[in-house]
2 protein chains.
Amino acid sequence: MALEHAILVSLLEQPGSGYELARRFERSIGRFWTATHQQIYRVLKRMEAEGWVTAVDVEQDGRPDKREFSVSAPGRDVLTGWLHEPVQPEAVRHDLAVKVRGAAFDDAAGRAALIGEVERYRAGHEELLARYLAGEKRDFPDPGASTTGERLQHVVLRGGIAYERMLLDWLTEVLIELRKES
Amino acid sequence: MALEHAILVSLLEQPGSGYELARRFERSIGRFWTATHQQIYRVLKRMEAEGWVTAVDVEQDGRPDKREFSVSAPGRDVLTGWLHEPVQPEAVRHDLAVKVRGAAFDDAAGRAALIGEVERYRAGHEELLARYLAGEKRDFPDPGASTTGERLQHVVLRGGIAYERMLLDWLTEVLIELRKES
DNA sequence: TTCTGCTATGCAACTCGTTGCATAGCAACC
DNA sequence: GGTTGCTATGCAACGAGTTGCATAGCAGAA
């Protein structure tokens, strides 16, 4: 399980509350690891009990108080320990690919509906790519002069960008094939 | 949940036993949906109870008997019903991206170890790409003249190929960045 | 002042997926 | 005859992830 590790990385990059983490997981970190706020709160609780993170109450004005988490020394050790473990092959789960193969067993009207869905899906990923590119321009304007952390964050973002471009090209191909059958 | 649907697609393409399905999930279908034999048997049992698939005992010589599953009419309806539902955004979970960002909080020796892991991981995906390309050559030698099912299977395979190529390029970039820090 | 909406945290129940184990038929090899 | 290895099926326990719900502070608008 790597949610714990994703949280440790995120908190090392920037301490924050469970709520803030959930928002980061919706945005930047969600590029490579998704999680809901319930999962995050539950895991934070366990991590706090194990001494991997520490929390301080922070009063805010105009807002409810929050509990800000930081990574402790043992938490850092847990992270580096995990970093040195072998990289496991990923579990791939891609609904759309199942649907495309399934479309062979549907009728023309059903395939037409699927085409609409794929177009909608593709438009969503076009938006996502645009957001990544905007984020890249904003956060990494100067490719040469940056810290280790920034350069590693940048290469991960470039991975997200490459993935989205690949996906958009592939979806174009899928639409061509699906339209041949309608 | 789409494991049920992946199984329905696979059984429509070719009826088979739980064991055979598990082997297909290791190979072709595992490109876009992974599952272990335990999961598959459990889900098959439930699907049989709900009448989505039917089983016949098949005697084999030189081997234990097997139970071969086929999709029933209700099962087909379940599949087409699912095909017409909106495509959900995928849950992305990529260990390696977490590790790359985490490498900023490791020391030089740790990053050196990670480089070795990434190289090993990359070599695995090079092999996988080679297998996909060999499979493409074997199964889809003639791009023009094929059935709907074959063309849709081919476009999904091309997606796998595009993904692996993108991944290999990205891993090259990751290795360059990690080596800058060692 | 009530309603909407964002910040902030959490429980409970459930489903999905993983891991470890167990059983059994049959073939081939040593 | 024992061992190894592949085919074939399954249970039980656990851990991970999802869904629905609940609570509460505070701001701004209607």
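Only this structure's heavy atoms are used, side chains among them; waters, hydrogens and symmetry mates stay out. Proteins come first, then strands; the chains are lettered A, B, ... in the order of their sequence lines, and each starts at number 1. This one's a predicted model, so the numbers in the text were calculated from it and none came from an experiment.
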Closer than 4.0 Å, any side-chain N/O of [X] to the OP1 or OP2 of [N]?
| X | N | result |
| --- | --- | --- |
| B:R63 | D:dA8 | yes |
| A:Y19 | C:dT7 | yes |
| B:R23 | D:dA8 | no |
| B:T36 | C:dT19 | no |
| B:R42 | C:dT18 | no |
| A:K45 | C:dT9 | no |

Between [atom2] of [N] and [atom1] of [X], the distance in whole Å:
| X | N | atom1 | atom2 | answer |
| --- | --- | --- | --- | --- |
| B:H37 | C:dG17 | NE2 | C1' | 13 Å |
| B:E4 | C:dT15 | CD | P | 12 Å |
| B:L3 | D:dA16 | CG | P | 20 Å |
| A:I40 | C:dC11 | CD1 | C1' | 17 Å |
| A:Y41 | D:dT18 | OH | P | 17 Å |
| A:Q39 | D:dG20 | CD | P | 15 Å |
| B:L44 | C:dG17 | CG | C1' | 16 Å |
| A:Q88 | D:dA16 | CD | C1' | 16 Å |

So what does [X] hit on the nucleic acid, given a heavy-atom distance under 4.0 Å: a base, only sugar-phosphate, or nothing?
| X | answer |
| --- | --- |
| B:R67 | sugar-phosphate |
| A:Q60 | sugar-phosphate |
| B:D65 | sugar-phosphate |

### Message
Do A:K99 and A:H94 have side chains that approach each other closer than 4.5 Å (heavy atoms only, starting at C-beta)?
### Response
no
### pair A:V71-A:W52: side-chain heavy atoms closer than 4.5 Å
no
Proximity to the side chain of [X] - top-ranked nucleotide from [options]:
| X | options | result |
| --- | --- | --- |
| A:R46 | D:dA16, C:dG17, C:dG25 | D:dA16 |
| B:K66 | C:dA13, C:dT18, D:dA8 | D:dA8 |
| A:Q38 | D:dT19, D:dA8, C:dT19 | D:dT19 |
| A:E20 | C:dC11, D:dC6, C:dA8 | C:dA8 |

### Query
With nearest nucleotides of DNA chain D determined for A:P64 and B:P64 from heavy-atom distances, which residue corresponds to the more 5′ nucleotide?
B:P64
### Query
Taking A:R101 for the side chain and B:Q153 for the main chain, is one N or O donor matched with an acceptor at less than 3.5 Å?
no
### Task
Examine distances only and state if a side-chain atom of B:R111 and a backbone atom of B:A103 form a donor-acceptor pair shorter than 3.5 Å.
yes
### Message
If you count heavy atoms of other groups shown closer than 6.0 angstrom to CD of B:E119, is the number above 12?
### Response
yes
### Task
For atom CD of A:Q60, decide whether the heavy atoms of other residues, nucleotides or ligands shown that lie under 6.0 angstrom number more than 12.
yes
